[in-house]
2 protein chains.
Amino acid sequence: MGANLAVQDSGSSRDRILDVAEELFARRGYSGVGMREVAAEVGLGKSSLFHHFSGKVELYLEVLNRVLERIHVRLRDALAAPGCSAERLDRGIDALIDGLVDEPSSARLLLRALFEDENLPPGSDQLAEHQAGERTLQQILGDIHELIREGVKSGEFRSVSAAHTIQTIIGATAYHFASGEFGRELIGSPLLDPDAVASRRAEVKAMLHHGLVAREPVSGEGGKE
Amino acid sequence: MGANLAVQDSGSSRDRILDVAEELFARRGYSGVGMREVAAEVGLGKSSLFHHFSGKVELYLEVLNRVLERIHVRLRDALAAPGCSAERLDRGIDALIDGLVDEPSSARLLLRALFEDENLPPGSDQLAEHQAGERTLQQILGDIHELIREGVKSGEFRSVSAAHTIQTIIGATAYHFASGEFGRELIGSPLLDPDAVASRRAEVKAMLHHGLVAREPVSGEGGKE
DNA sequence: GTCTATATCACGATAGAC
DNA sequence: GTCTATCGTGATATAGAC
């Protein structure tokens with residue numbers, strides 16, 4: 001039962017609660033985690049959690065916000081540097097993967113968050129914590145959307161649907177690193193192993209640059225890199 | 001057996017339980033659904049469920065098996081017909097999307113299944129129901145793997161990693177149709193709307209054929225279609 | 001096959017001592 | 001800020017009548 005949670009004991013009680021809750025919510029989802037378990041893992045009594053967070057939903061939403069903020073900062077910085085659209089795309093992919101790898105709970109938590117709406121108590125989407133997360137999410141999506149739009153406008157990208165391309169990018173990054181044991185068996189090694197991460201980076205970028213179907217090399221660019 | 005006159009709810013109690021459980025598990029996950037709720041939705045007392053299934057885990061695993069079987073049949077038939085690798089790839093993508101669209105619970109249930117391992121009681125992976133699902137899953141993955149391997153071998157596909165390409169395909173199809181309200185807001189219409197489904201088909205195939213980055217047309221094939 | 005009733009346990013949340 | 005004790009509810013599962 002007692003899983004080994006590699007969470008540091010430093011920081012305020014509030015931060016330690018957030019750290020523990022982030023890993024537990026990522027692994028078992030909102031309904032699968034109890035306040036009692038979070039408290040026990042932090043080393044507090046269950047009631048102490050209610051001193052720091054007004055309820056389970058608020059705790060969950062603050063965990064989610066923190067993850068979204070971290071992604072947003074990384075992506076914004078990566079896309080801010082100058083370069084052509086293809087270069088900025090590659091840097092954005094790297095930033096996304098860096099974030100998902102450096103904070104291993106993020107991918108699962110974010111993917112789970114797509115479904116958790118129906119598990120949260122009714123009215124949770126009107127809490128201040130939820131709306132803060134919505135704003136961060138819209139900034140993330142806005143950054144990617146603008147990158148794609150500019151690339152299409154300049155002719156550097158095909159005339160793709162920005163929305164569908166965002167979905168494809170999320171699927172290629174967040175889904176992959178959230179796929180856990182399934183992905184591990186498929187790939188043949190833990191998804192966070194350096195080699196597996198490097199492979200994923202290369203495969204995603206190659207897919208975005210060339211697709212899957214081969215074609216004759218064009219101006220010395222179509223073959224292997 | 002007599003002729004089936006009723007159109008809905010005409011199956012056995014067992015089938016009706018599976019239908020209801022499939023939708024509920026897809027929407028709220030294993031931990032988020034109670035046997036009481038399933039029973040109430042079917043129109044039975046809670047205890048009656050335990051007459052048809054020995055427990056909650058067994059019910060969940062049988063629901064999952066049924067979904068995997070349906071996908072397997074569709075994909076196997078689609079890939080069996082002759083054609084070049086690119087044609088078979090497109091048919092496979094269509095079969096996957098057809099399945100996810102015709103059975104709207106499938107995408108969420110399958111994506112959730114990647115995480116539910118940690119929510120099931122310990123030892124669930126040794127139940128007969130689990131191992132049946134494992135076999136079906138391996139058949140599905142084997143079919144896709146073989147398609148990619150043949151395409152690479154014949155030179156029709158780039159020399160991609162089959163495992164990573166499978167992850168990309170799952171991300172582009174199952175993730176997309178499981179993304180629910182998030183996807184709906186991003187795309188701008190319900191993901192199952194005919195137009196949105198057609199768009200997804202086209203975008204996924206175009207991404208697999210051409211990637212995102214544009215290049216000069218090659219032998220009348222590289223531009224817009 | 002379906003039901004009522006019950007056993008046992010965990011859940012989120014609160015009250016109040018310290 | 002953390003604790004113990006408790007409330008009310010709902011969870012899975014079982015026993016046994018019909």
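All chains are named by letter (A, B, ...) in the order of the sequence lines, taking the proteins before the strands, and each is independently numbered beginning at 1.
- If you take NZ of B/Lys46 and P of D/dA11, they are 8 Å apart, rounded to a whole angstrom.
- Side chains of A/Leu59 and A/Phe50 form no contact here, defined as non-hydrogen atoms less than 4.5 Å apart.
- The side-chain hydrogen bond (donor to acceptor under 3.5 Å, both in side chains) with A/Arg201 is formed by just one residue from the set A/Asp98, A/Asp90, A/Thr173; it is A/Asp98.
- One interatomic measurement links the two molecules: CG of B/Leu44 to P of C/dC3, which rounds to 5 Å at whole-angstrom precision.
- B/Pro104 and B/Leu192 get closest at one heavy-atom pair: CB-CD1, 3.8 Å.
- To the nearest angstrom, P of D/dT6 lies 21 Å from CE of A/Met35.
- Residues of residues 51-64 of chain A that place a heavy atom closer than 4.0 Å to DNA chain D, in numerical order, are A/His51, A/His52.
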For this session: Would you sort out whether A/Arg200 and A/Glu203 count as a salt bridge (Lys or Arg N to Asp or Glu O under 4.0 Å), showing the intermediate values?
Result: CA-CA 5 Å; A/Arg200 189 66 196 163; A/Glu203 294 280 343; over 6 Å; no
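- Within 3.5 Å, a donor on the side chain of B/Ser47 pairs with an acceptor on the base of C/dT4, or the reverse.
- The side chain of A/Phe50 sits closest to C/dG12 out of C/dG12, C/dC3, D/dA13.
- Rounded to an integer number of Å, the gap from A/Leu49 CG to C/dA13 C1' is 12 Å.
- Regarding B/Leu24, its CG atom lies at a distance of 12 Å from the P atom of D/dT12, rounded to whole Å.
- Between the CG atom of B/Asn119 and the C1' atom of D/dT12 there is a distance of 15 Å, given to the nearest Å.
- Residue B/Arg66 comes nearest to B/Glu22 through the heavy atom pair NH2-OE1, 2.9 Å, listed as atom of the first residue, atom of the second, then distance.
- Nearest nucleotide to the A/Arg36 side chain, out of D/dG10, C/dC11, D/dT2: C/dC11.
- The two residues B/Glu118 and A/Arg27 make their nearest non-hydrogen contact at OE1-NE, 3.3 Å.
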